[in-house]
Structures are given as C-alpha cells and as structure tokens.
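Whatever order the structure lists ligands and atoms in, that order sets their numbers, starting from 1. For this chain, numbers begin at 1 and follow the sequence in order. The figures that follow rest on heavy atoms only: side chains count, while hydrogens, waters and symmetry mates do not. Since this is a predicted model, take the numbers as computed values, not measurements.
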Amino acid sequence: MIVIENISQIATPEGRSGPLFGREMGKLRIYSGKNIWIENGKIARITSERPDGRYERIDAENGTVLPAFVDPHTHTVFSGYRDFELQLKLDGKSYSQILSSGGGIYHTVKMVRKSSRKEIFEESFKRIENMAKHGTLSAEIKTGYGLDYENERKILDVIEDISEKKIMDIKKTFLFHVIPQDVEYETFLSSMFRLLMERKQKIDFVDVFCDEGAFSVDQTRNIFSRAMEMGFGLKIHADEIKYIGCSLLAREFPLHSIDHLLNLPYENYRYLKNSIPVLLPGTSMTLMENRYADARKMIDSGLAVSLATDLNPNCYTENMQEIISLAIYNMKMKVEEAITASTHNAALAAGFSKKGSLEEGYDADIIILDVPSYTHLGYHFGINLVRKIIKNGKELKI
Ligand code: NIG
Ligand code: FE
C-alpha cells in the first residue's frame, strides 16, 4: 500500500465505462482532507484515515491532486522542425497553401525519410518526457509522416520503442495523412494495407485526414470500409481546413473519435452522439485563422467532448495545461469541463478504459499540482503547475 497525503484538494471526474456527456462534464467530485490509497498500481480508496508507519508515503505538500492527463491525439513521432513556417504564416500564407506547395506535412516526410529509427526515437522520446513533466501519462500516437511502406514501418517501430520505455501508456493509430506526391494512389494504398495487415496485432486504430488537400470523402470511405473489415477501430480528422462533408461519415461508420471539427455544421451534431469529438485548440491557434471548434455549443447540445494537443511540427506543444487554457479562453469551456475533457473523456477517446478518474480500480496515474485548488488550472497559465507525477502508483522522476 502507498498513500498520498497532505492533499489540499482532490478533483476528479466520475469514473464510468462510457464518456461524460454535455452537462455531466461540468460535475467533478471534489474532496478535501482526504488521502489516496494505492494498491498494485491502482486506486484502492480515498478516505480520511491516517496512515501508520507501515505505508510508503507520497507527500502532496498541500497541492491539488488530479488524474493524470491523457492526450488522445498526437503525432509525437516526427523528425526535424517547421519553425520557419511560422514566418510564412505571419506573411499571410495559409496552412493549405504551404502544404500544397510541398511544405507542411510533406516537409516533415522528407525529414523522416532521411532519419534512422534511432534518430527519430531520440527526438520523439524527448517529447514524451516533456509530456510526462507536464502531466500527461498516457497518449495516442499516430503514424503518418512516412507515406511509404518502409518509412511508415519505421515510425511504427519507433512507437513500439517508446511504448517499451513504460513511462507512458500508448495507443497506436495508423494514419492515412496525405497522398504522397511521388507515387500512384493505388500503389500507395496497397503498400499501406500490406503494412496494416502485417502489423495488425500492434495497431489500435486507423485514422484518415479527410479534408481539402488530403483525402476526399470517397477515398476516406473506401479506406474505412477496408480497415473496418480488418477489425480496426476508426478515427477521423474531419472538418478542419474546409467543410467537404467528412463529419457525415459518422452516419455510415462507427467512428471511435472524430477530431478537429473547426467547421462542423450544427446539422451534423446529431451524428456525433456515439463518437467522441476530440477538439484541438492548439491547432486553431497555430493555423492563425481565428477559427475554433464550437465547444460551448457541442457541450450545451449534450456531446461528450475531449481535448488533445495534436502535438506535431505545425502545432508544437506537449502541454495539456496549455490546451486547457486555450479551451477556456478561446472555446469558452468551463475549467471543470476542460478537466473532464483532458482526463476521463480523453482516456476513452484514446481507447483506454480505466484511466482518467480517481476512483477505485482505476490506474493510479496521478498528478499533484502546485496550486490550492483545481480552479487555478487555465486561470494561472503559461507555466507548468505540475509538482509531482505518479505513474501506476509510483512517483516518477524525470
Ligand atoms: O492534425 N491535420 C492534419 N494533420 C495534423 C497536422 C500535421 C502537420 O501539419 O504536420 C493535424 O493538425
Ligand atoms: Fe492531427
């Protein structure tokens, strides 16, 4: 038994097998004067009983305790940077213009193809450590910067290498990111499906970037049909750059999560009831077009919203606290909703079942924040509020 003591406040969403919808997202369980008891890496109970000398103790130093963040949408595995694109965007070039002229994702693909598995691992693992330092202890990672058999396989290998390090639990998503410029579409598709078949056991989801400049609705439908037949869960990047009808695919396929949604029409909300919308306000900020997903309306309409960083070379942050700030200030989410969206709903969006809540039987992935109450999240922004991180019941020092 391990006990976390000297806690100013514990704040957690209710733990349940399904997502928290609409108004439920705003209701956290708040405890004060309680300790958290951990057994075999799981939460055993939250009580006010005092530990005696037999227990290993973790001192919260009067901080606030939350379930660790889960980041359900990341492109953590890449090589090189795109810092120079920031000036292009300031000069008025759009994300799509940069992409269609061979930059953006295509630039990162060139960098990945030039780098070895070891080099990409080293670059990417730094990001994993940054995520953990900022309170994220589980994440989804997508492939997508290889765009050919050999390089997508290299990215899958790096995701495996990261997973084996055990500081973060990982769900693996195979992403059809953009169409390569150097090969026939059908040749590309068949090499991707060959790889998917070979690595079937080690991939959790198939995702498609459905948008103008990426995959069309028809191409996405075709990929989804094949992937579903193979037994994969489905995710989608939808309605981000332009509305071309991608979110309507939720009528035809059981989409586990549906991500971005900056241009989601209100008429389509009704098709999203069985999926988790994953909103990415960091991406909105970095697109520099003043467009954010309408989180307020989605929550008020009863949807189960989640948040993620989208960590990638265009939107370069590992920090879910930053995302919570953006969600509050730019999407008008309440702090309680933003916490639920970054923990409980995020865990389910990523495909984890017993994470994101501090309830009996849940994984003891816990963060201790250097603040008197959870309401300082978002309010006190731009610095790392995480003081201690606890992974499977053990304090992690990074
Ligand atoms: O989720 N939208 C597509 N893919 C990523 C961006 C990747 C990149 O620009 O490198 C996203 O925003
Ligand atoms: Fe993405």
Does NZ or CZ of Arg194 lie under 6.0 Å from the centre of the six-membered ring of Tyr149, at an angle within 45° of the ring axis? yes
Does Lys355 count as lying over the ring of Tyr362, i.e. NZ or CZ under 6.0 Å from the six-ring centre, within 45 degrees of the axis? no
Would you say the ring centers of Phe232 and Phe174 fall short of 6.0 Å from each other? no
In ligand 1, which numbered atoms sit nearer than 4.0 Å to a non-hydrogen atom of Tyr95? 6 (C), 7 (C), 8 (C), 9 (O)
Near His73, which atoms of ligand 1 are under 4.0 Å from a heavy atom of that residue? 1 (O)
Rounded to the nearest 0.5 Å, what's the gap from NE2 on His256 to NZ on Lys171? Could you check? 8.5 Å
State whether the shortest distance between N or O atoms of [X] and N or O atoms of ligand 1 falls below 3.5 angstrom.
X	answer
Thr108	no
His237	yes
His260	yes

What do you reckon, does Gly104 put a non-hydrogen atom under 4.0 Å from ligand 1? no
For ligand 1, is there an atom lying under 4.0 Å from some heavy atom of Phe78? no
Any idea which part of Tyr145 is under 4.0 Å from ligand 1, heavy-atom wise: side chain, backbone, both or neither? side chain
Using 2.8 Å as the threshold, say whether any N, O or S atom from His260 sits that close to the Fe ion (ligand 2). no
Name of the Asp310 N, O or S atom nearest the Fe ion (ligand 2)? OD1
His73, N/O/S atom nearest the Fe ion (ligand 2): NE2
Under 4.5 Å between any side-chain heavy atoms of Tyr145 and Arg113, yes or no? no
Side chain to side chain contact (heavy atoms under 4.5 Å, CB included), paired with Ile368, selected from Val386, Thr64, Leu385, Ile4: Ile4
Under 3.5 Å, is there a donor-acceptor pair linking the side chains of [X] and [Y]?
X	Y	value
Asn62	Asn6	no
Asn263	Glu240	no
Asp310	Asn312	yes

Among non-hydrogen protein atoms, atom 2 (N) of ligand 1 lies closest to Glu240 OE1, 2.7 Å
Minimum-distance protein heavy atom relative to atom 12 (O) of ligand 1: Asp310 OD2, 2.7 Å
